[in-house]
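Notes follow the structure.
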Amino acid sequence: QMPSPRATVVISTYNRSRALRCAIRTVLAQTMGDFELLVVGDGCTDDSEQVVSAIRDPRIRWFNLPANTGHQSSPNNRALAEACGEYIAYLGHDDLWLPHHLERATDALDRSGAGIARSILMSVAPGEDTGMPVLPAAGVGSAPSCTVYRRAVTERIGGWKDYRELAEPPEIDLYRRALAAGF
């Protein structure tokens with residue numbers, strides 16, 4: 001039996017295979033290589049499965065939901081059901097990580113004992129070479145691609161809620177529930 005990976009990286013996607021290829025490359029370029037990468041299609045009908053399958057890395061697994069649900073919540077929950085890592089990290093299918101993202105976030109969690117680590121985001125518009133930093137909103141979290149947390153967080157509070165049943169974005173709901181649970 002293989003030991004569990006230190007981190008589970010989740011990429012939820014819907015028909016963005018060209019961008020997906022780039023996102024996966026930034027995961028594979030991480031300085032911390034002890035991870036599994038779960039790529040979950042939200043009912044993809046394009047060549048996303050072929051893009052993922054062409055990358056021959058045993059740490060990568062592909063899943064595709066039977067129908068599109070319209071938000072990353074359902075693919076994220078499928079990934080949480082499959083996750084083996086001590087930490088959960090999300091990367092948008094059209095986002096990129098710097099090579100030290102996973103290493104720094106998991107080290108910060110180890111040092112602090114915190115349940116959730118979050119980083120800043122640099123938003124770069126199409127055709128631009130530079131962007132503007134986007135800081136996490138106080139007390140409500142940050143973009144999923146900037147978030148790494150202990151798997152115990154969603155084991156205790158549950159996964160992502162359906163966006164159609166919420167008054168706020170599902171990631172904000174997830175962060176609020178985590179904070180309320182003491183993380």
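No experiment lies behind these values; they were computed from the predicted model shown.
Thr45 has its side chain within reach of Asn15: a pair of non-hydrogen atoms, C-beta onward, lies under 4.5 Å apart. Side chains of Arg151 and Thr8 form no contact here, defined as non-hydrogen atoms less than 4.5 Å apart. A heavy-atom distance below 4.5 Å is found between the side chains of Leu65 and Pro75. Taking the side chain as every heavy atom from C-beta outward, Leu28 and Ile60 approach each other to under 4.5 Å. Between Asp173 and Glu168, the closest side-chain pair of non-hydrogen atoms falls below 4.5 Å. The side-chain heavy atoms of Val148 and His101, taken from C-beta on, include a pair separated by under 4.5 Å.
Here the shortest heavy-atom pairing between Ala117 and Leu109 reads N-CD2, 3.6 Å. Of all the heavy atoms in Glu82 and Glu36, the pair that sits closest is O-OE2, 4.2 Å. Nearest heavy atoms, Arg16 versus Ser48: N-OG, 4.1 Å. Scanning both residues, Asp95 and Ser145, for their nearest heavy atoms gives OD2-OG, 2.6 Å. Summarising the geometry of Leu91 relative to Ala23, their closest heavy-atom pair is CD2-O, 3.5 Å, with the distance given to 0.1 Å. Across all their heavy atoms, Pro99 and Ala29 have their closest contact at CB-O, 3.7 Å.
No donor-acceptor pair under 3.5 Å is formed between the side chain of Gln72 and the backbone N or O of Ser12. With Arg156 contributing its side chain and Ala181 its backbone, the two residues share a donor-acceptor pair below 3.5 Å. A donor-acceptor pair under 3.5 Å is formed between the side chain of Arg56 and the backbone N or O of Ser53. Proximity of a side-chain donor or acceptor of Ser123 to a complementary backbone N or O of Gly131 within less than 3.5 Å is not detected. Judged purely by atom type and a 3.5 angstrom limit, Asn64 uses its side chain to pair as donor or acceptor with the backbone of Cys44. Checked by atom type and distance alone, the side chain of Arg150 pairs as donor or acceptor with a backbone atom of Ala114 at under 3.5 Å.
Linking ILVMFWY residues whenever their side-chain heavy atoms come closer than 4.5 Å, directly or via other members, leaves Leu96 and Leu102 in distinct clusters. Tyr14 and Val39 are members of different hydrophobic clusters when ILVMFWY side chains are connected at heavy-atom separations under 4.5 Å. Using a 4.5 Å cut-off between side-chain heavy atoms of Ile, Leu, Val, Met, Phe, Trp and Tyr, with links allowed through other members, Leu38 and Ile24 fall into different hydrophobic clusters. In the hydrophobic clustering of ILVMFWY residues, with side-chain heavy atoms under 4.5 Å counting as a link, Val52 and Leu37 come out together. Residues Trp62 and Val51 do not share a hydrophobic cluster, clusters being chains of Ile/Leu/Val/Met/Phe/Trp/Tyr side chains in contact below 4.5 Å.
Thr106 OG1 to Arg111 CZ: the interatomic distance, rounded to the nearest 0.5 Å, is 9.5 Å. Remark: Arg59 CZ to Asp34 CG distance equals 9.0 Å, nearest 0.5 Å. Distance CG/Asn77 to CG/Asp162: 9.5 Å, rounded to 0.5 Å. The distance from atom CH2 of Trp97 to atom SG of Cys146, rounded to the nearest 0.5 Å, is 10.0 Å. Atom-to-atom distance recorded for Arg177:CZ and Thr154:OG1 is 9.0 Å, nearest 0.5 angstrom. Distance check: Leu20 CG to Arg25 CZ gives 10.5 Å after rounding to the nearest 0.5 Å.
Using a 4.5 Å cut-off between side-chain heavy atoms of Ile, Leu, Val, Met, Phe, Trp and Tyr, Val153 falls into a hydrophobic cluster with Val10, Leu80, Ile88, Tyr90, Ile116, Tyr149, Ile157, Trp160, Leu174, Phe183.
Counting heavy atoms of neighbouring residues, nucleotides and ligands inside a 6.0 Å radius, atom CZ of Arg18 does not exceed 12 of them.
Cation-pi contact between Arg6 and Tyr87: absent, since separation from the ring centre below 6.0 Å together with deviation from the ring axis within 45° is not met.
Side chain to side chain, Asp42 and Thr69 meet the donor-acceptor criterion of an N or O pair below 3.5 Å.
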